[in-house]
There are 2 protein chains.
Amino acid sequence: MLSPNENHAALSERLKACDVRPTPQRKVVLKVILEKRDHPTADEIFARVKSSMPTISLATVYNCLETLVACGLIRQVHLERAPTRYCPNLHAHAHFHDDTTGQVHDIDLPTDTMKQLHGLLPTGFDANSVELTFRGRAAHNPHGTN
Amino acid sequence: MLSPNENHAALSERLKACDVRPTPQRKVVLKVILEKRDHPTADEIFARVKSSMPTISLATVYNCLETLVACGLIRQVHLERAPTRYCPNLHAHAHFHDDTTGQVHDIDLPTDTMKQLHGLLPTGFDANSVELTFRGRAAHNPHGTN
DNA sequence: GTGAGAATTGGTATTATTCCAATCTCTCTC
DNA sequence: GAGAGAGATTGGAATAATACCAATTCTCAC
């Protein structure tokens with residue numbers, strides 16, 4: 001996650017570490033995702049980014065997101081029939097989708113639970129990712145995330 | 001799951017049991033989903049249904065699917081960025097999405113695993129559904145599903 | 001059988017995302 | 001530090017899945 005005053009240089013470093021060019025567009029897209037613990041859609045990211053970079057295009061936002069996902073700096077969250085969301089939390093975690101508010105909450109997953117889930121797979125199945133999503137109702141915004 | 005010779009009467013019964021009108025369209029949509037252990041998309045279902053009912057419209061297929069999902073006769077499977085798929089397997093199970101072939105395999109889930117997953121939720125979170133999806137590679141069609 | 005409510009239909013609208021070709025901007029080399 | 005080439009950005013148009021709508025048709029209870 002981003003420290004409150006992480007600056008452009010640090011963003012550049014993150015990108016360079018992944019062997020991608022630290023363009024201004026990528027930096028600002030990464031910045032808006034990191035600076036808020038929510039799960040914005042591409043459109044929301046586009047809106048936030050435009051305030052500091054009014055000339056950016058939606059296509060670029062999609063390109064940047066694809067790059068950032070490919071190099072593991074952010075993750076995608078897929079909820080049914082809804083636009084893809086993006087998540088800065090790279091730790092093992094599940095998502096809880098609140099049907100009432102539409103908010104998405106991160107749920108910590110112990111690493112042994114992850115291992116156990118992989119253990120469920122019959123031989124011959126080799127998973128490189130797992131997605132665990134709950135849906136239901138959360139009591140009044142349990143801890144301020146979305 | 002459907003017994004090989006389940007007939008129209010049985011399909012009607014299933015629908016009536018859910019308090020929905022057993023219209024011919026709903027019966028045939030349910031039938032094509034039950035008769036093959038795969039995870040077809042709405043478009044695929046539309047194509048299969050048209051062979052026995054050429055006048056059906058895609059809108060009706062969507063309507064029927066929505067109804068069948070709502071009354072719990074089938075389930076939706078959501079894979080990232082891909083069209084929604086429909087699954088006749090109502091037992092607790094996970095999905096394995098083979099990146100290579102695009103096939104979707106059902107993975108049995110012991111009920112205690114399900115309970116355990118629910119146990120991961122902090123107090124205040126009340127889930128009414130869980131979706132667990134693996135992605136990776138499966139060795140040459142492990143058991144003929146998709 | 002008949003009427004009221006429910007379902008189906010085809011067409012159109014919406015929305016997320018991708019594609020494309022043209023332009024621009026880095027980065028690297030000299 | 002100038003130029004070349006790769007890579008990135010842009011706006012607009014295309015695509016694809018799904019939702020919506022008004023008109024017609026069907027189903028069930030009486």
Legend entry - F46(A) CZ to K50(A) NZ distance, which is reported to the nearest 0.5 Å: 3.5 Å
Inset, instruction - Mind calculating the distance between CG (D19(A)) and P (dG7(D)) to the nearest angstrom? - result: 12 Å
Legend entry - Min side-chain heavy-atom separation L11(B)-L34(B) under 4.5 Å: yes
Legend entry - Gap between atoms NZ and C1', on K50(B) and dG10(C) respectively (whole Å): 12 Å
What N/O pairs connect the protein and nucleotides 11-14 of chain C at under 3.5 Å? Give each pair on its own line.
none

Inset, instruction - Check the pair E44(A), D38(A) against side chain to side chain contact (heavy atoms under 4.5 Å, CB included), reporting the backbone distance first and the verdict last. - result: CA-CA 11 Å; E44(A) 285 161 357; D38(A) 61 354; 5.5 Å; no
Inset, instruction - On the 0 to 90° scale, with breaks at 30° and 60°, tag the H105(B)-F125(A) ring pair as parallel, tilted or perpendicular. - result: perpendicular
Legend entry - d(NZ, K27(A); P, dA8(D)) in whole Å: 15 Å
Inset, instruction - Scan nucleotides 2-7 of chain C nucleotide by nucleotide, 5' to 3', and note B when protein non-hydrogen atoms come under 4.0 Å of the base, S if they reach only the sugar-phosphate, - if neither. - result: ---BSS
Inset, instruction - Calculate the interatomic distance between L15(B) atom CG and dT27(D) atom C1'; express it in whole Å. - result: 14 Å
Inset, instruction - Indicate, with a heavy-atom threshold strictly under 4.0 Å, whether I56(B) touches base, sugar-phosphate, or nothing. - result: sugar-phosphate
Legend entry - Heavy-atom check, side chain of R85(B) versus side chain of H95(B), under 4.5 Å: no
Inset, instruction - Please examine the side chains of I33(B) and L65(B), heavy atoms only from C-beta on, and report whether any two atoms are closer than 4.5 Å. - result: yes
Legend entry - Residue mapping more 5' on DNA chain D - nearest nucleotide basis, K16(B) or M53(A): M53(A)
Inset, instruction - Ignoring backbone atoms, test whether Y62(B) places a side-chain nitrogen or oxygen under 4.0 Å from the OP1 or OP2 oxygen of dT18(D). - result: yes
Legend entry - Any Q116(B) side-chain heavy atom under 4.5 Å of Q116(A) side chain: yes
Legend entry - Protein-nucleotide distance (Q76(B), atom CD; dA17(D), atom C1'), rounded to Å: 13 Å
Inset, instruction - Measure the shortest side-chain to side-chain distance between R21(B) and L15(B) over non-hydrogen atoms and say whether it is less than 4.5 angstrom. - result: no
Inset, instruction - Could you tell me the separation between the CD atom of E44(B) and the P atom of dA16(D), rounded to a whole number of Å? - result: 14 Å
Inset, instruction - Quickly work out the E66(A) CD to dT18(C) P distance and round it to whole Å. - result: 7 Å
Inset, instruction - Taking the side chain as every heavy atom from C-beta outward, state whether N63(B) and R26(B) have any atom pair closer than 4.5 Å. - result: no
